[in-house]
Amino acid sequence: MAIEIFCRKEQKYLITRRQYEQLVEQIGPRMRNDKNGKAGKYSVTSLYFDSPDKTIYYETKNKLKYRQKLRLRVYDDADMDSTAFFEVKQKHKKVVNKRRMLLPLKEAYRYLADEGRTDLSDYDTSNRQVMKEIDYFRHYYNLKPEMVVSYSRHALHGVTDPELRITFDFDLRCRKDDLHIEHGPYGEHFIDPDLVVLEVKVDHAVPLWLARILQTLNCEQRSASKFCTSTELLSGDVLPQTGCSEPKQLEEPIIGGMEDGSDHELVYI
């Protein structure tokens, strides 16, 4: 059964395909491919939501200490009967919490089109409590389908530490003219196709052996938001930083580097 409620810490990096190949080779003895997909590789296609005044975008862009997103996601080839993952992704002080439910994609679309006319208990979902939370979040922010983000992913887990997860995302694309995620992963690239988004996901701290490999290969930690960069590309410009920007709510800047504490440019991707 898929985990529906969990929290963890995530570190993001922007690396080249060459660095990806070197990293996979060096971590190979300690990692195994994810059981999903073929050799841990599969495609991800997500429908993201935002309010008319782009509240979610500004919360993310301005790096509020507490921020959240709503997305509907499918993996690989999907149709209306495929299982979809509807989730709220929350981040507070660099700790990520996800609350997720599973339901047929056609049920997700029925819920989105219904506008509250059907009781939530009538939907075929794996977790009714998460369904209630998604519904509350969606209506409180007046969230509407905004865009589709898709990419190819290679996922690995630790051999002796199953809580350690590493993912590499390639060919990151976005679109706004077709919001049907069953139509698959296509759209306009929003980062250089030669670049890869690396995410290291742990319960507590990155293992020392992995930190040393990342440092040796010059993998720089970067602030990364697929949602923000896609929004800016599809809107044609970087949106003005207005909205939720109260200083006390802002997160401290991310400091790159594993040991020397050197600063690196923040790159939204």
Atom [atom1] of [X] and atom [atom2] of [Y]: how far apart are they, to the nearest 0.5 Å?
| X | Y | atom1 | atom2 | value |
| --- | --- | --- | --- | --- |
| Ser46 | Leu70 | OG | CG | 11.0 Å |
| Gln129 | Leu120 | CD | CG | 10.5 Å |
| Met31 | Asp161 | CE | CG | 8.5 Å |
| Thr167 | Arg153 | OG1 | CZ | 4.0 Å |
| Leu198 | Asp169 | CG | CG | 9.0 Å |
| Arg173 | Ser152 | CZ | OG | 8.0 Å |

Considering non-hydrogen atoms only, spot the tightest contact between [X] and [Y] and give its length.
| X | Y | value |
| --- | --- | --- |
| Asp79 | Ser82 | N-OG, 2.8 Å |
| Pro145 | Phe49 | N-CD2, 3.5 Å |
| Leu143 | Ser51 | CD2-N, 3.6 Å |
| Phe85 | Arg100 | CD2-CD, 3.6 Å |
| Gln26 | Leu217 | NE2-CD2, 3.6 Å |
| Cys174 | Ser230 | CB-OG, 3.5 Å |

- Query: Side chains of Tyr57 and Glu232: do they bring a donor and an acceptor to under 3.5 Å?
  - Reply: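 Yes - a donor-acceptor pair under 3.5 Å links their side chains.
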
- Can Thr118 and Asp114 be counted as having a side-chain donor-acceptor contact under 3.5 angstrom?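 Short answer, yes.
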
- Message: Tell me whether the rings of Phe137 and Tyr141 are parallel (<30°), tilted (30 to 60°) or perpendicular (>60°).
- Response: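 If you compare the ring of Phe137 with that of Tyr141, the planes turn out perpendicular.
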
- Item | Within residues 129-140 or reaching into it, pairs that qualify as salt bridge (Lys or Arg N to Asp or Glu O under 4.0 Å) - sequence neighbours excluded |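 Every salt bridge (Lys or Arg N to Asp or Glu O under 4.0 Å) pair that includes a residue of residues 129-140, provided the two are not neighbours, is Arg99-Glu133, Glu115-Arg138.
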
Charged N-O contact under 4.0 Å between [X] and [Y]:
| X | Y | answer |
| --- | --- | --- |
| Glu87 | Arg71 | yes |
| Glu199 | Lys226 | yes |
| Lys54 | Glu146 | yes |
| Arg17 | Asp171 | yes |
| Asp203 | Arg8 | no |
| Arg18 | Asp194 | no |

- Is there a path of hydrophobic side-chain contacts, each under 4.5 Å between heavy atoms of I, L, V, M, F, W or Y residues, that connects Ile166 with Val159?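 Looking at the clustering, Val159 is in a separate group from Ile166.
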
- Begin from the C-alpha positions of Asn36 and Tyr75 and carry the test side-chain contact (heavy atoms from CB on, under 4.5 Å) through to its verdict. CA-CA 10 Å; Asn36 296 304; Tyr75 296 91; over 6 Å; no

Pairing residues for [X] by the side chain to side chain donor-acceptor pair (under 3.5 Å) criterion, not counting sequence neighbours:
| X | answer |
| --- | --- |
| Thr45 | none |
| Gln90 | Tyr66, Gln68, Asn97 |
| Tyr42 | Arg165 |
| Asn33 | His154 |

Just wondering, do [Y] and [X] contact through their side chains at under 4.5 Å, heavy atoms?
| X | Y | answer |
| --- | --- | --- |
| Leu103 | Thr83 | no |
| Ile56 | Phe227 | yes |
| Val202 | Val200 | yes |
| Leu156 | Arg32 | no |
| Leu72 | Leu105 | yes |
| Leu164 | His157 | no |
| Val206 | Gln11 | yes |
| Val148 | Asp178 | no |

Listed partners of [X] passing ring-ring contact (aromatic ring centres under 6.0 Å, His included), at least two apart:
| X | answer |
| --- | --- |
| His180 | Tyr109, His183 |
| Tyr186 | none |
| Phe168 | Tyr20 |

- Task: Before giving the answer on side-chain contact (heavy atoms from CB on, under 4.5 Å), spell out for Met101 and Ile134 the whole-Å C-alpha distance, their side-chain angles and the decisive distance to 0.1 Å.
- Result: CA-CA 9 Å; Met101 66 175 184; Ile134 288 174; 4.0 Å; yes

- Would you check if the side chain of Thr125 reaches a backbone N or O of Arg128 as a donor-acceptor pair within less than 3.5 Å?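 The answer is no, because no donor-acceptor pair under 3.5 Å joins these two groups.
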
- Task: Decide yes or no on side-chain contact (heavy atoms from CB on, under 4.5 Å) for Tyr13 and Gln221, but give the supporting numbers first.
- Result: CA-CA 4 Å; Tyr13 302 78; Gln221 191 175 343; 3.8 Å; yes

- Query: Under the ring-ring contact (aromatic ring centres under 6.0 Å, His included) rule, what pairs show up with a residue in residues 112-134, not counting sequence neighbours?
  - Reply: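 Pairs touching residues 112-134 that pass the test: Tyr111-Tyr123.
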
- Output every pair passing ring-ring contact (aromatic ring centres under 6.0 Å, His included) with a member in residues 201-220, not counting sequence neighbours, ordered by first then second residue.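 Pairs touching residues 201-220 that pass the test: none.
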
- Task: Kindly indicate whether a cation-pi arrangement holds for Lys69 with Tyr48, taking the cut-offs as under 6.0 Å to the six-membered ring centre and within 45° of the axis.
- Result: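 Judged by the rule, Lys69 and Tyr48 form no cation-pi pair.
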
- Item | side-chain contact (heavy atoms from CB on, under 4.5 Å) between Thr231 and Thr60, intermediate numbers included | CA-CA 11 Å; Thr231 298; Thr60 307; over 6 Å; no

- Message: Could you work out, with salt bridge (charged side-chain N to carboxylate O under 4.0 Å, His left out) as the rule, every residue matching Arg110, not counting sequence neighbours?
- Response: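 Residues passing salt bridge (charged side-chain N to carboxylate O under 4.0 Å, His left out) with Arg110: Glu107.
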
- Task: Could you list the residues that satisfy salt bridge (charged side-chain N to carboxylate O under 4.0 Å, His left out) with Asp124, not counting sequence neighbours?
- Result: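 Residues passing salt bridge (charged side-chain N to carboxylate O under 4.0 Å, His left out) with Asp124: none at all.
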
